[in-house]
Amino acid sequence: MTRRRTTRALAASAAALTAVTLSACASSDRDSGDGGEGGGESGGTLVFGAAGDPAMLDPAFGSDGETFRVSRQIFEGLLGNELGGTDPVPELATDWEVSEDGLEYTFSLQEGVKFHDGTDFNAEAVCFNFDRWYNFEGLATSPSASYYYQAVFGGFASTPDTPSIYESCEATDENTAVINLTQVTSKFPSALALPSFSIQSPTALEEYDADNLSGSEDSLTYSEYAMEHPVGTGPFKFDSWDRGNGEVTIVRNDDYWGEKAKLDEVIFRTISDGNTRRQELQAGSIDGYDFVAPADYDSLEGEGAQVLVRDPFNILYLGMNGGNVPDSGANPALQDVRVRQAIAHAIDRETIVNSLLPEGAEAATQFMPPTVDGWADDVTTYEYDVEKAKSLLAEAGATGTTLRFFYPTDVSRPYLPDPAAMFQVISQNLTDAGFTVQPTALPWNPDYLNAVQAGGADIHLLGWTGDYNDAYNFIGTFFAEASNNQASAEFGAFSAPEIFAALAEADQEPDPANRTEQYQEANRLIMDYLPGVPISHSPPALVVSERVQGLEPSPLTAEVFSTVSLND
């Protein structure tokens with residue numbers, strides 16, 4: 001699961017290099033161990049090449065993939081995700097029941113679980129965490145700090161003008177926690193599998209002043225807890241963070257309540273450049289990395305590496321700043337649906353899927369993958385048809401319209417492995433259909449993301465990897481009504497009351513079958529209005545050396561390392 005920063009979850013294509021023989025030998029910091037008392041089969045150290053540093057290690061304030069990659073190993077939630085899948089499964093909860101009105105959830109908890117600091121996990125600890133999130137104040141309530149809490153629950157105790165769907169948590173006994181909501185939502189309880197809702201040690205949170213954020217919304221400074229003392233219940237526990245060298249080290253939790261990790265430790269080493277990550281794997285100094293360029297699959301496998309391809313659970317889209325909100329900065333031409341339709345008909349999705357994306361990618365017809373309940377097989381589709389695109393442009397009196405087309409540099413995303421190549425194809429498609437393209441390339445973070453959020457582009461490339469298996473996590477994230485009577489700035493700040501009402505109704509529908517039908521209708525409305533163009537669903541991959549066994553690829557990019565062993 002990767003996430004874009006602030007109001008949209010946030011996360012380099014590799015050029016061909018001379019092949020270097022993969023080394024099966026461990027470097028000095030990866031010596032094998034015997035697994036230790038209570039340890040796993042292989043012991044040893046796995047070094048994983050991360051694309052960036054974690055922002056910090058308090059998942060309640062996390063919204064980026066590298067923070068979550070580490071925190072998933074340290075923390076656990078009431079729910080997790082099935083290994084290699086997207087459905088929620090019990091984790092610190094053993095099971096749960098929901099009341100008939102859909103407002104009360106009773107969670108039965110695992111017994112005998114302890115946090116890494118030796119304190120007890122119990123229902124009081126669960127309620128402490130839920131109440132902590134609800135009672136955030138100051139900078140902790142900014143979207144850049146607590147994006148996922150706000151995306152799921154809404155407001156806080158301190159923001160009465162923005163209501164919260166969270167009402168209360170009660171520990172009815174040591175191993176039973178009852179959570180009450182103010183309204184039904186399709187996001188609950190599936191969203192509890194997100195790392196942001198991990199259950200953390202109340203003792204450590206208080207001791208290290210976890211809620212003490214400083215700085216500004218655009219430049220947060222996190223607490224001592226988040227930077228040096230994260231404490232969860234997971235199969236690994238935090239050891240150290242060498243920020244100067246970009247290395248986070250976690251070690252096996254030998255007192256883990258479940259099946260213990262097989263590795264002695266995992267080191268996440270930041271290597272921002274994709275080419276360098278590949279070279280480090282080939283040299284044997286790391287054991288794996290993420291965001292593998294599709295062009296590298298065959299050569300890596302030929303050298304003995306294992307390319308682990310995830311099932312597609314994402315969407316790449318062309319955002320359009322064609323909103324109908326006054327003073328939103330939208331391009332007036334894009335406010336005409338015929339111009340938006342012309343763009344959609346101009347894009348050759350099949351060529352994109354076949355030439356720019358890995359095997360298994362598919363053209364998208366809507367803003368969520370077909371594996372999510374609520375996907376509709378009868379939405380309006382926009383087949384590649386250059387002549388129809390030209391005709392629609394002429395009909396709208398918009399032939400030759402200039403489009404400021406923004407695309408990112410210095411990044412590779414699961415849905416967008418090579419932004420420059422994607423831009424080239426789509427730019428040529430639009431030119432062929434009668435548009436004039438004005439390109440702007442910007443570094444991904446913060447320049448590109450800020451420019452898109454500010455409405456600087458007429459059209460732009462972005463995407464989303466699902467956080468959990470729910471329709472609202474895709475189309476609600478993009479198109480639900482915000483407090484300012486408009487949807488995301490990524491889609492031109494459009495105001496479409498019919499779409500807003502359909503999404504709100506579906507989210508609050510307690511019956512799953514009815515909810516699915518309502519999300520299908522919302523997808524139909526969205527694709528008729530066409531605030532952007534869905535392009536593709538892509539199966540991203542990570543790669544590990546031949547000595548790594550047991551790493552299960554996750555469609556959510558939510559891999560766990562407790563199942564991994566090393567075979568030397």
Tell me the salt bridge (Lys or Arg N to Asp or Glu O under 4.0 Å) pairs involving residues 549-561, sequence neighbours left out?
Arg310-Glu559
Can you find a pair of side-chain heavy atoms, one from Thr106 and one from Val178, that are under 4.5 Å apart?
yes
Test your reading of the model: is there a side-chain donor-acceptor pair from Arg277 to the backbone of Ser272, 3.5 Å cut-off?
yes
Rounded to the nearest 0.5 Å, how far apart are CE of Met56 and OG1 of Thr221?
12.0 Å
Whether His537 side chain and Asp311 backbone form a donor-acceptor pair below 3.5 Å
no
Working to the nearest 0.5 Å, report the span between CG of Asp264 and CD1 of Ile250.
12.0 Å
For residues 81-109, pull every pair meeting salt bridge (Lys or Arg N to Asp or Glu O under 4.0 Å), keeping only residues two or more places apart or in separate chains.
none
More than 12 heavy atoms of other residues, nucleotides or ligands under 6.0 Å from CD of Glu174: yes or no?
no
Between Asp53 and Arg243, does any NZ, NE, NH1 or NH2 come within less than 4.0 Å of an OD or OE carboxylate oxygen?
no
Report the distance from atom OG of Ser562 to atom OH of Tyr256, rounding to the nearest 0.5 Å.
6.5 Å
Minimum heavy-atom separation for Ser412 to Pro417, with atom names?
OG-O, 3.1 Å
Within a strict 4.5 Å, meaning less than it, do heavy atoms of the Pro59 and Gln200 side chains meet?
yes
Is the number of heavy atoms from other residues, nucleotides or ligands under 6.0 Å of Glu167 CD greater than 12?
yes
Can you find a heavy atom in the side chain of Leu205 that is under 4.5 Å from one in the side chain of Tyr225?
yes
Can you check whether Ser545's main-chain N or O pairs, donor with acceptor, with Gln306's side chain at less than 3.5 Å?
yes
Are Tyr166 and Tyr149, when compared by the centres of their aromatic rings, separated by less than 6.0 Å?
no
If you take the centroid of each ring, where Trp contributes its six-membered ring, are Phe561 and Phe236 closer together than 6.0 Å?
no
Counting distance only, does the side-chain N/O of Thr185 pair as donor-acceptor with the main-chain N or O of Lys187 below 3.5 Å?
yes
Find out whether Leu78 and Leu109 are in side-chain contact, i.e. whether some heavy atom of one side chain is under 4.5 Å from a heavy atom of the other.
yes
Could you check whether Phe197 and Phe153 have their ring centres less than 6.0 Å apart?
yes
Kindly say whether Phe156 contributes a backbone atom to a donor-acceptor pair with the side chain of Thr159 at under 3.5 angstrom?
yes
The single option from Phe107, Trp96, Tyr468 that satisfies side chain to side chain contact (heavy atoms under 4.5 Å, CB included) with Leu192 is Phe107
The criterion is ring pair (Phe, Tyr, Trp, His ring centres under 6.0 Å); which residues satisfy it with His229, sequence neighbours excluded?
Tyr208
Taking all non-hydrogen atoms of both residues, which atom of Leu263 and which atom of Val564 are closest, and how far apart?
CG-O, 3.4 Å
Please determine if Lys260 and Asp254 form a salt bridge, counting it only when a charged side-chain N lies under 4.0 Å from a carboxylate O.
no
Between Ser565 (side chain) and Lys262 (backbone), is there a donor-acceptor pair under 3.5 Å?
no
Please tell me if the side chains of Pro534 and Met527 come closer than 4.5 Å, counting only heavy atoms from C-beta onward.
yes
Leu449 vs Trp444, side-chain contact (heavy atoms from CB on, under 4.5 Å): CA-CA, chis, key distance, verdict
CA-CA 6 Å; Leu449 294 172; Trp444 171 253; 3.9 Å; yes
Within a reach of under 6.0 Å around CD of Glu124, are more than 12 heavy atoms found that belong to other residues, nucleotides or ligands?
no
Using the ring centroid of each side chain, check whether Phe313 and Phe474 are separated by less than 6.0 Å.
yes
Decide side-chain contact (heavy atoms from CB on, under 4.5 Å) for Thr465 and Arg413; before the verdict, give the C-alpha distance in whole Å, the side-chain angles of both, and the deciding distance to 0.1 Å.
CA-CA 9 Å; Thr465 296; Arg413 306 299 298 136; 5.9 Å; no
Is there a donor-acceptor contact under 3.5 Å from the side chain of Glu509 to the main chain of Asp511?
yes
Could you go step by step and tell me if Ser168 and Asn180 meet the side-chain hydrogen bond (donor to acceptor under 3.5 Å, both in side chains) rule?
CA-CA 5 Å; Ser168 64; Asn180 294 287; 3.2 Å; yes
I'd like to check Glu247 versus Val47 (side-chain heavy atoms, cut-off strictly below 4.5 Å). Are they in contact?
no
Using 0.5 Å steps for rounding, measure from the CG atom of Leu83 to the OG1 atom of Thr563.
6.0 Å
Test item: side-chain donor near acceptor, Glu265 and Thr249, under 3.5 Å:
no
Would you say the side chains of Asp470 and Ser190 form a donor-acceptor pair under 3.5 Å?
no
Would you check, one step at a time, whether the test side-chain contact (heavy atoms from CB on, under 4.5 Å) holds for Val292 with Leu308?
CA-CA 10 Å; Val292 185; Leu308 307 177; over 6 Å; no
Testing the 3.5 Å rule here: is there a donor-acceptor pair between the side chains of Ser144 and Ser142?
yes
Can you name the one residue among Asn81, Asn473, Leu79, Asp467 that meets side chain to side chain contact (heavy atoms under 4.5 Å, CB included) with Leu194?
Asp467
In short, Pro195 meets Ser198 closest at the heavy-atom pair O-OG, 2.6 Å
So does Glu517 get a backbone contact from the side chain of Glu521, meaning a donor-acceptor N/O pair under 3.5 Å?
no
Okay, side chain of Thr516, backbone of Pro512: is any donor-acceptor separation there less than 3.5 Å?
yes
Would you please test Trp257 and Phe121 for side-chain contact (heavy atoms from CB on, under 4.5 Å) and show each step?
CA-CA 11 Å; Trp257 61 271; Phe121 163 79; over 6 Å; no
Please examine the side chains of Tyr289 and Val543, heavy atoms only from C-beta on, and report whether any two atoms are closer than 4.5 Å.
yes
Closest non-hydrogen atoms of Phe238 and Glu228, given as atom of the first, atom of the second and distance, are CE2-O, 3.1 Å
In terms of heavy-atom contacts, Gly62 and Tyr148 come closest through O-CD1, 3.6 Å
Note: Ala361 and Leu357 closest approach over all heavy atoms is CB-CB, 3.7 Å
Phe61/Phe136 aromatic ring centres below 6.0 Å:
yes
Enter the distance from Glu505:CD to Tyr519:OH here, rounded to the nearest 0.5 Å.
10.5 Å
Residue pair Val309 / Pro553, side-chain heavy-atom distance below 4.5 Å
no
Check whether any side-chain N or O of Thr182 sits under 3.5 Å from a backbone N or O of Ser164 as a donor-acceptor pair, and report yes or no.
yes
Kindly compute the distance separating CG (Asp377) from CD (Gln520), expressed to the nearest 0.5 Å.
7.5 Å
